Asker: 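Right, I'll just put the structure down here and ask away after.
Note that this is a predicted model, so its numbers are computed, not measured.
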Amino acid sequence: VVRSIARQASVAFEERRLSEAVAAPTSRGSGTLATIARMDLRRCALSALVIRDPLAKTRAVQAMHGAHDALAIDAEAHIREPDGLPGRPDRPRLVHPARVPRRALASIDGRAALMHAVAHIEFNAINLALDACWSFAGMPQPYYRDWLLVAAEEARDVARRRHEDV
C-alpha cells in the first residue's frame, strides 16, 4: 500500500511539474523548454501520458517536441508503470458504441458526432504514441524520437480541430 501511494505521489508530482511548465506564461519561451529539457524523454513522455486534460496533454506534447533535441534518452531505464494510465478526462464518460445513438452524416448532429469520434481517435493516438515512447527499454534512440513525432503530429491535429495555437 505504501509503495502504491508513493508511486501515485511520484506520478502526480511529474504530471504537475510538466503541466506547470507547459501552462506557464512563458510556454513558448525558454522557461518551459528548460524545464522539459532537464527531463529524460521517456520519463517526460510518461509524465505527459498521465495528464488527464486533453488541452494540457497536447500542449505538453508540443512542448516536448519543441525541446526534443535537448532531451536526453535513457533507453536502458526500466520505468515502472504507474496507476491510472493513460490519463483521460473524467467527462465525457466513456460509453459503449452500441449505446450511442446513430445519426445520419447528412445532419448537423451526424457531422458533429463524426468529428467527436475523430477527436477521440486522435486523442487515443497521442496516448498510444506516448505509451510506445516510454514503455520499451533498449530500443534505438530514433525509435523514441519517432514516437514523440507521432504524438506531436496528432497533438497538432487536435489543436487544429480546436482552433487552438498549441
Side-chain angles (χ1 to χ4, degrees), residues 8 11-12 14-29 31-33 35-37 39 41-71 79 81-136 139 142-166:
Q8 288 174 354
V11 168
E14 288 298 322
E15 177 183 359
R16 188 171 52 253
R17 185 170 97 167
L18 186 59
S19 294
E20 287 172 356
V22 172
T26 60
S27 65
R28 297 235 178 241
T32 297
L33 297 181
T35 300
I36 290 172
M39 299 175 75
L41 186 142
R42 292 181 59 221
R43 286 178 178 83
C44 200
L46 179 57
S47 295
L49 184 59
V50 300
I51 296 173
R52 299 175 63 86
D53 178 72
L55 183 57
K57 185 175 286 193
T58 57
R59 286 184 176 156
V61 168
Q62 292 296 92
M64 284 172 49
H65 184 257
H68 78 276
D69 287 336
L71 289 170
I79 306 168
E81 181 176 334
D83 295 331
L85 285 183
R88 291 191 176 109
D90 293 329
R91 298 189 123 219
R93 64 182 171 78
L94 293 177
V95 177
H96 191 278
R99 300 185 71 153
V100 176
R102 293 186 177 255
R103 298 174 184 103
L105 287 178
S107 71
I108 292 174
D109 285 345
R111 288 190 296 276
L114 175 64
M115 294 308 296
H116 184 82
V118 169
H120 275 280
I121 291 166
E122 290 174 334
F123 188 69
N124 284 322
I126 293 169
N127 286 336
L128 287 169
L130 291 171
D131 188 60
C133 195
W134 84 268
S135 293
F136 301 103
M139 301 302 288
Y143 169 89
Y144 303 107
R145 296 201 191 283
D146 288 348
W147 277 113
L148 176 58
L149 177 60
V150 170
E153 289 172 350
E154 294 299 331
R156 184 192 64 228
D157 291 345
V158 168
R160 282 183 183 159
R161 296 213 190 301
R162 291 181 55 105
H163 305 292
E164 298 278 342
D165 180 28
V166 178

Asker: How far apart are the closest heavy atoms of Gln62 and Ala152, and which atoms are they?
Answerer: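 Between these two residues, the closest heavy atoms are OE1-O, 2.9 Å.
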
Asker: Look only at the side chain of Arg52 and the backbone of Arg88, and say whether a donor-acceptor pair between them is shorter than 3.5 Å.
Answerer: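 Yes.
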
Asker: Quick check against the 3.5 Å criterion: does Ser135 have a side-chain atom that pairs as donor or acceptor with the backbone of Ala132?
Answerer: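 No, Ser135 side chain to Ala132 backbone: no donor-acceptor pair under 3.5 Å.
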
Asker: Kindly compute the distance separating CG (Leu71) from CZ (Arg43), expressed to the nearest 0.5 Å.
Answerer: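 Between atom CG of Leu71 and atom CZ of Arg43 there are 12.5 Å.
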
Asker: Hey, could you give me the CG/OH distance between Asp146 and Tyr143, rounded to the nearest 0.5 Å?
Answerer: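 Between Asp146 CG and Tyr143 OH, I get 10.0 Å after rounding to 0.5 Å.
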
Asker: Quick check: closest heavy atoms across Met64 and Leu130, and the distance to 0.1 Å?
Answerer: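 Distance-wise, the nearest heavy atoms are CE-CD2, 4.3 Å.
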
Asker: Determine, step by step, whether Leu149 and His68 satisfy the side chain to side chain contact (heavy atoms under 4.5 Å, CB included) criterion, reporting the C-alpha distance in whole Å, the side-chain angles of both residues, the deciding distance to 0.1 Å, and the verdict.
Answerer: CA-CA 9 Å; Leu149 177 60; His68 78 276; over 6 Å; no

Asker: Can you tell me which residue pairs pass the salt bridge (charged side-chain N to carboxylate O under 4.0 Å, His left out) test with a partner in residues 147-156, sequence neighbours excluded?
Answerer: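 Listed by first then second residue: nothing to list.
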
Asker: Is the shortest heavy-atom distance from the side chain of Val50 to the side chain of Pro82 under 4.5 Å?
Answerer: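 Yes, at least one pair of side-chain atoms sits under 4.5 Å.
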
Asker: Do any side-chain atoms of residues 97-106 form donor-acceptor pairs under 3.5 angstrom with protein atoms, and if so which ones, sequence neighbours left out?
Answerer:
none

Asker: How many angstroms lie between atom CG of Asp53 and atom OG1 of Thr58, to the nearest 0.5 angstrom?
Answerer: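 It comes to 8.0 Å.
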
Asker: In Å and rounded to the nearest 0.5 Å, what is the CG to CD1 distance from Leu46 to Ile51?
Answerer: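 So the gap between those two atoms works out to 10.5 Å.
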
Asker: Donor-acceptor pair, distance only, cut-off 3.5 Å: does the side chain of Lys57 make one with the backbone of Ile126?
Answerer: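 Pair absent, no side-chain N/O of Lys57 close to backbone of Ile126.
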
Asker: What are the two closest non-hydrogen atoms of Ala45 and Trp134, and how far apart are they?
Answerer: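 Shortest heavy-atom separation between Ala45 and Trp134 comes out as CB-CB, 4.3 Å.
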
Asker: Side-chain contact, heavy-atom cut-off 4.5 Å: Leu41 with Cys133?
Answerer: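 SC-SC contact between Leu41 and Cys133 confirmed.
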
Asker: Looking at CZ of Arg42 and CD1 of Ile79, how far apart are the two atoms once the value is rounded to the nearest 0.5 Å?
Answerer: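 So the gap between those two atoms works out to 4.0 Å.
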
Asker: Quick test of your reading: applying side chain to side chain donor-acceptor pair (under 3.5 Å), list the pairs with at least one residue in residues 106-116, sequence neighbours left out, ordered by first then second residue.
Answerer: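 Non-adjacent pairs meeting side chain to side chain donor-acceptor pair (under 3.5 Å): His116-His120.
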
Asker: Roughly how far, to the nearest 0.5 Å, is CG of Asp157 from CD1 of Ile121?
Answerer: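 Output value for this atom pair is 12.0 Å.
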
